[in-house]
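Sequence lines set the chain letters: A, B, ... in the order given, protein chains first and strands last, and positions in each chain run from 1.
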Amino acid sequence: MNAQQIRQFNHDLLDWFHTRGRRLPWRETTNPYYIWISEVMLQQTQVNTVIPYYNQFISRFPTPDALAEAPEQEVLKCWEGLGYYSRARNLQHGVREVVEKYDGRLPKQKDELLSITGIGPYTAAALLSIAYNEPEPAIDGNLMRVLSRVFLIDDDIAKQKTRKKFEKLASDLIIETEPAAFNQALMDIGATICRPKNTDCSECPIQRYCLAYDEGAQLEYPVKSGKSKPRLLHYAVLLIQDEQGRYLIERRPDKGLLAGLWQFPMMAIDEYETGPRQESYVQDRYGCMVSPVEQSFSYTHRFSHLIWKLTIREGQGPVRKKLKERQRWSALSELENYPFPVSHQKVTEWIKNNRHNHT
DNA sequence: AACACGGGGAA
DNA sequence: TTCCCAGTGTT
């Protein structure tokens, strides 16, 4: 595009945004801290899912100090069900850095933003453009999809290098006047019009610039290399109760999958190995027996990169083992005080619906 | 550069 | 079912 076309492109884009752009809670504020929270929540998570979490979160942690001082478990509880829990941990870690190094105010330099835990290239650019009105293109999956169609770019968007290419392209398009609106307009188009499958080109304010539309090739873009199939893992979920009927729960390790969240004890099951080894595992670890092979309840939980097949087994006999640091007895009614992954919230629901020896 | 990391919504 | 998503940190 030449300079004149770029001006017209911006005009069409921004004009549409001001009349048809979405009204969202984090667009009602100029507080960089709130915008930061919204951007982190929106990573890999859709707007409608985020809205209630965002409102609750800023109400609970209205200032960087409030978040910095909160117990991590409380932050995770507010994040419960949102997924990618390292985002919450990194956000709090980053806020603590901001409180210590920058007196609680987000810096305005790109390199300083990038040095903060949880702020990567996208979030730094989003903060610069949305909170500080700097002409910085915020390249995410949405923008890459829209721009790959408009300009027929067939580079693999799964590659890191490709993001830089879009960065450069968008840098040439973005103008000084309204950088926040530029980014948010393209995000809104990506989310509501230029969708991955069901495109709605008749509503698109930049249809006249779109080369893919000209060729009817919208669905050929963006090009993205294939993902490997998720692995299947079998687990027994152990329902172990003490004499008061409380359930044994454990806190997961501080790193890795679902870090720091609570769950019922899980025992990996090798599909081709049964019996004695498992029994001794439970005996050693929890000091009780569990019901044998017959399953009371079984279901699968799908993550993006793996699948859990979970089968509930009930503990039997006295529990002698002393609790370890990361273990607790919890009454059924108290489980809601702990952050649980959705996969184990399903277990709680099953208990409530199928067992009657509650405490 | 490749991989780990959740969950919900859409088709 | 399958695919997708306002990414970042680790290896």
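- The stretch residues 69-94 of chain A touches DNA chain B through A:G81, A:L82, A:G83, A:Y84, A:Y85, each having a heavy atom within less than 4.0 Å of the strand.
- Within a 6.0 Å radius of CD in A:E28, other residues, nucleotides and ligands contribute more than 12 heavy atoms.
- Pairs engaging residues 115-157 of chain A under the ring pair (Phe, Tyr, Trp, His ring centres under 6.0 Å) rule: none recorded [sequence neighbours left out].
- Taking A:D242 as the reference, A:R246 meet the salt bridge (Lys or Arg N to Asp or Glu O under 4.0 Å) condition, with sequence neighbours excluded.
- Of all the residues in residues 120-130 of chain A, A:G120, A:P121, A:Y122, A:T123 reach under 4.0 Å from DNA chain C with at least one non-hydrogen atom.
- A:D12 and A:Q8 form a side-chain donor-acceptor contact under 3.5 Å, judged by distance and modelled atom types alone.
- Residues that satisfy the side chain to side chain donor-acceptor pair (under 3.5 Å) test with A:E136, not counting sequence neighbours, are A:K110.
- Among residues at least two apart or in separate chains, ring pair (Phe, Tyr, Trp, His ring centres under 6.0 Å) pairs with a member in residues 14-52 of chain A are A:W26-A:Y54.
- Applying the salt bridge (Lys or Arg N to Asp or Glu O under 4.0 Å) test to residues at least two apart or on different chains, none of the pairs has a partner in residues 138-150 of chain A.
- The salt bridge (Lys or Arg N to Asp or Glu O under 4.0 Å) search around A:E178 returns none, not counting sequence neighbours.
- When DNA chain B is scanned in the 5' to 3' direction for atoms under 4.0 Å from non-hydrogen atoms of chain A, the outermost contacting nucleotides are B:dA1 to B:dA11.
- Contacts classified as ring pair (Phe, Tyr, Trp, His ring centres under 6.0 Å) and involving residues 174-221 of chain A (residues at least two apart or in different chains) are given here: A:F9-A:Y209.
- Members clustered with A:L114: none, using a 4.5 Å side-chain heavy-atom cutoff among hydrophobic residues.
- Of the residues in residues 147-174 of chain A, those with a non-hydrogen atom less than 4.0 angstrom from any atom of DNA chain B are A:K159, A:Q160.
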